[in-house]
Amino acid sequence: TAIKPLFRGLVKFDKLCYSLYDMKADMVYHNSAMPELSDSLATIAQALGFLLALHPQHKMNQLKLVQLLWAADRLHLRQYGGTITESAYWATVNGSISTVALAVVEQNGHILTANEITSLQQSFTSDGTNISLCNRVDNDCLSDTAMEMLTKAYRLFGTKSAAELGQIN
């Protein structure tokens with residue numbers, strides 16, 4: 001069985017490596033802030049919203065936002081032994097990317113359902129390059145340690161461009 005690296009030093013076998021999209025049918029839908037979203041998808045949306053809320057204009061390049069989420073996940077993994085989003089990351093020329101997080105910021109109808117996109121559009125607007133926070137996103141799916149590492153990732157890397165972040169990871 002082939003092994004795919006997930007962060008440095010941590011690997012998952014192909015049979016165990018899954019995306020959140022593959023698991024959505026098995027998840028319980030009871031998130032109060034975004035009831036149309038599974039808990040894992042809501043966690044990703046809330047983490048992205050938290051990062052956008054830290055930015056003074058509440059607006060950021062979509063790729064940069066997904067890369068900041070990767071940085072926060074990596075910091076959380078190193079500090080606490082687990083990630084915030086439990087998302088699989090894939091190596092690309094632009095750095096490590098979670099396809100689910102990218103689908104959220106792009107509101108991709110090939111991965112997300114129409115109900116999920118409608119729910120996300122209540123909090124996020126996108127012009128194709130940048131994503132903006134148009135309504136406050138609750139943090140009920142985020143732990144205190146998750147918010148700590150999201151804040152740390154923003155403070156460490158928030159001034160960098162998407163291209164610079166892609167070179168870091």
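Bear in mind the structure is a predicted one, so any value in this text is a computation, not a measurement. Here, residue 1 is the first one in the sequence, and each next residue gets the next number.
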Would you sort out whether Gln107 and Ser126 count as a side-chain hydrogen bond (donor to acceptor under 3.5 Å, both in side chains), showing the intermediate values?
-> CA-CA 8 Å; Gln107 297 174 0; Ser126 175; over 6 Å; no
Where do Tyr154 and His55 land on the side-chain contact (heavy atoms from CB on, under 4.5 Å) test, with the steps shown first?
-> CA-CA 8 Å; Tyr154 183 81; His55 194 274; 3.4 Å; yes
List the steps, then state whether side-chain contact (heavy atoms from CB on, under 4.5 Å) holds for Thr43 with Glu86.
-> CA-CA 9 Å; Thr43 300; Glu86 299 176 6; over 6 Å; no
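Using a 4.5 Å heavy-atom cutoff, the side chains of Lys59 and Leu133 are not in contact. Side-chain atoms of Ile168 and Lys160, non-hydrogen and from C-beta on, do get closer than 4.5 Å to each other. Counting only heavy atoms from C-beta outward, the side chains of Leu75 and Leu156 approach each other to under 4.5 Å. Contact of the Leu68 side chain with the Met60 side chain is registered, since non-hydrogen atoms from C-beta on lie closer than 4.5 Å. Taking the side chain as every heavy atom from C-beta outward, Thr125 and Ile131 never approach each other to under 4.5 Å. No side-chain heavy atom of Gln62 sits under 4.5 Å from any side-chain heavy atom of Leu65. The shortest side-chain heavy-atom distance between Leu54 and Phe50 falls under the 4.5 Å cut-off. Between Ser87 and Ile44 the shortest side-chain heavy-atom distance falls below 4.5 Å.
Among all heavy-atom pairs drawn from Thr113 and Glu116, the shortest one is N-OE1, 2.8 Å. The shortest heavy-atom contact between Gly158 and Lys64 is O-NZ, 2.5 Å. Heavy atoms only, all atoms of each residue included: Ala72 and Leu150 are closest at CB-CD2, 3.5 Å. The shortest non-hydrogen separation linking Val137 to Gly49 is CG2-CA, 4.3 Å. Nearest heavy atoms, Gln67 versus Ala162: OE1-O, 3.0 Å.
The number of heavy atoms from other shown groups lying within 6.0 Å of CG (Asp127) is above 12.
Using modelled atom types, one side-chain atom of Thr118 and one backbone atom of Ala114 make a donor-acceptor pair closer than 3.5 Å. Side chain of Ser132 to backbone of Cys134: no donor-acceptor contact under 3.5 angstrom is found. In this structure, Glu164 contributes its side chain and Ser161 its backbone to a donor-acceptor pair below 3.5 Å.
Taken to the nearest 0.5 Å, the CE atom of Met149 stands 9.0 Å off from the OG1 atom of Thr151. With rounding to the nearest 0.5 Å, the separation of CG in Asn135 from CZ in Phe124 is 10.0 Å. Ile97 contributes atom CD1, which lies 6.0 Å from atom CG of Leu102 (distance to the nearest 0.5 angstrom). Rounding to the nearest 0.5 Å gives a distance of 4.5 Å between CG of Asp140 and CD of Gln46. Rounded to the nearest 0.5 Å, atoms SG (Cys141) and CD1 (Ile84) are 12.5 Å apart. The NE2 atom of His76 lies 11.5 Å from the CG atom of Leu69; values are rounded to the nearest 0.5 Å.
In the model, Thr145 has no side-chain atom that pairs as donor or acceptor with a side-chain atom of Gln79 under 3.5 Å.
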